[in-house]
Amino acid sequence: MGIVTACRLAGRSRATHHRFLRPAAPKPRKPRPAPASALSPLERAELLALMNTARYAELPPAQIWARELDEGRYHCSIRTMYRILQAAGQSGERRRQALHPARKVPELVATGPSQVFTWDITKLPGPAKGIWYHAYVIIDIFSRYIVGHTVELVEQPSAQRS
């Protein structure tokens, strides 16, 4: 089958087919010129120093921008403040955070039998649909032997058992 017939059956023009076979080489991108209103490195350093002063150290850039604007000073946009903080590696949470110690998982240690026990309740299917038995097992952690068990029709807390 020829290209003309195949393109007609596929509903695609021959030009599209040939463009797909030989794509144009990507054009090199020209470097983007810096905007005329861009802050100089000195102005960026001064703004970073302002944002790190004790007065503004714990505030987000939006609040710093608003407070400076209330005092009649406009340095840059809020987004530019975020960019300056990100370039300085300070783009995270600016407030002081409480450091909580890592919570240690409690560990039960048995050095001999009959010191520490665990338990389990398992539902077992009964003779008819909707009927379940509850198997209670008490296990010694040290020896891993079952030291007690019972099978009940209803799961009841120990205070209600008679």
Side-chain angles (χ1 to χ4, degrees), residues 20 23 25-162:
F20 180 75
K27 296 177 183 176
R29 289 189 164 192
K30 296 177 184 174
R32 187 172 169 222
S37 60
L39 296 175
S40 68
L42 179 64
E43 290 172 323
R44 292 174 73 87
E46 288 174 0
L47 194 55
L48 182 62
L50 173 74
M51 290 189 287
N52 287 332
T53 59
R55 180 177 172 202
Y56 294 137
E58 293 189 7
L59 296 177
Q63 289 184 15
I64 297 170
W65 179 85
R67 289 186 184 185
E68 285 292 303
L69 203 59
D70 286 344
E71 294 172 5
R73 293 185 295 267
Y74 177 80
H75 303 283
C76 60
S77 68
I78 299 170
R79 179 68 183 118
T80 301
M81 287 184 171
Y82 275 107
R83 286 187 189 108
I84 292 170
L85 287 173
Q86 186 176 16
Q90 300 178 19
S91 60
E93 178 64 56
R94 293 179 53 82
R95 295 175 294 182
R96 291 182 303 137
Q97 298 291 311
L99 298 176
H100 301 289
R103 185 166 183 242
K104 187 177 177 188
V105 177
E107 183 178 335
L108 299 173
V109 179
T111 57
S114 299
Q115 291 179 352
V116 181
F117 299 99
T118 185
W119 58 274
D120 185 33
I121 302 175
T122 304
K123 282 189 168 183
L124 304 171
K129 186 176 181 180
I131 297 177
W132 296 90
Y133 294 117
H134 300 274
Y136 296 83
V137 180
I138 301 170
I139 304 168
D140 178 20
I141 287 182
F142 182 78
S143 64
R144 289 183 264 171
Y145 285 134
I146 296 174
V147 294
H149 70 279
T150 183
V151 177
E152 303 288 336
L153 275 172
V154 187
E155 183 178 342
Q156 292 180 352
S158 59
Q160 293 180 358
R161 289 190 185 162
S162 51

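Worth knowing before you read on, the calculation uses all heavy atoms, side chains too, and leaves out hydrogens, waters and symmetry mates.
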Which residues pass the side-chain contact (heavy atoms from CB on, under 4.5 Å) test with [X], not counting sequence neighbours?
{"X": "Lys30", "result": "none"}
{"X": "Ile131", "result": "Pro127, Ala128"}
{"X": "Tyr74", "result": "Trp65, Leu69, Ser77"}

Once rounded to the nearest 0.5 Å, what's the spacing between atom [atom1] of [X] and atom [atom2] of [Y]?
{"X": "Arg44", "Y": "Arg83", "atom1": "CZ", "atom2": "CZ", "value": "8.5 Å"}
{"X": "Thr150", "Y": "Ile138", "atom1": "OG1", "atom2": "CD1", "value": "9.5 Å"}
{"X": "Arg79", "Y": "Ile84", "atom1": "CZ", "atom2": "CD1", "value": "11.0 Å"}
{"X": "Arg73", "Y": "Leu50", "atom1": "CZ", "atom2": "CG", "value": "7.5 Å"}
{"X": "Cys76", "Y": "Leu47", "atom1": "SG", "atom2": "CG", "value": "4.5 Å"}
{"X": "Met51", "Y": "Met81", "atom1": "CE", "atom2": "CE", "value": "6.0 Å"}

Taking every non-hydrogen atom, the tightest pair across [X] and [Y]:
{"X": "Ala110", "Y": "Val116", "result": "CB-CG2, 4.0 Å"}
{"X": "Gly112", "Y": "Phe142", "result": "O-CB, 3.3 Å"}
{"X": "Pro61", "Y": "Leu85", "result": "CG-CD1, 3.5 Å"}
{"X": "Tyr133", "Y": "Leu153", "result": "CE2-CD2, 3.3 Å"}
{"X": "Asp140", "Y": "Pro113", "result": "OD2-CA, 3.5 Å"}
{"X": "Ala38", "Y": "Glu43", "result": "O-OE1, 4.3 Å"}

Residue pairs passing the salt bridge (charged side-chain N to carboxylate O under 4.0 Å, His left out) test where at least one lies in residues 57-66, sequence neighbours excluded: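 Every pair satisfying salt bridge (charged side-chain N to carboxylate O under 4.0 Å, His left out) with a residue in residues 57-66: Glu58-Arg96.
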
Listed partners of Arg67 passing salt bridge (charged side-chain N to carboxylate O under 4.0 Å, His left out), at least two apart: none

Counterpart residues, salt bridge (charged side-chain N to carboxylate O under 4.0 Å, His left out), relative to Arg144 (two or more places apart):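 So Arg144 forms no salt bridge (charged side-chain N to carboxylate O under 4.0 Å, His left out) with any residue.
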
Over 12 foreign heavy atoms within 6.0 Å of CD1, Ile146: no

Tyr145 OH: over 12 foreign heavy atoms closer than 6.0 Å: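 Not more than 12 within 6.0 Å, no.
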
Within-4.5 Å side-chain heavy-atom neighbours: Glu152 and Tyr136: yes

Contact check, side chains of Thr118 and Asp120, non-hydrogen atoms, under 4.5 Å: no

Trace of the side chain to side chain contact (heavy atoms under 4.5 Å, CB included) decision for Val147 with Ile139: CA-CA 6 Å; Val147 294; Ile139 304 168; over 6 Å; no

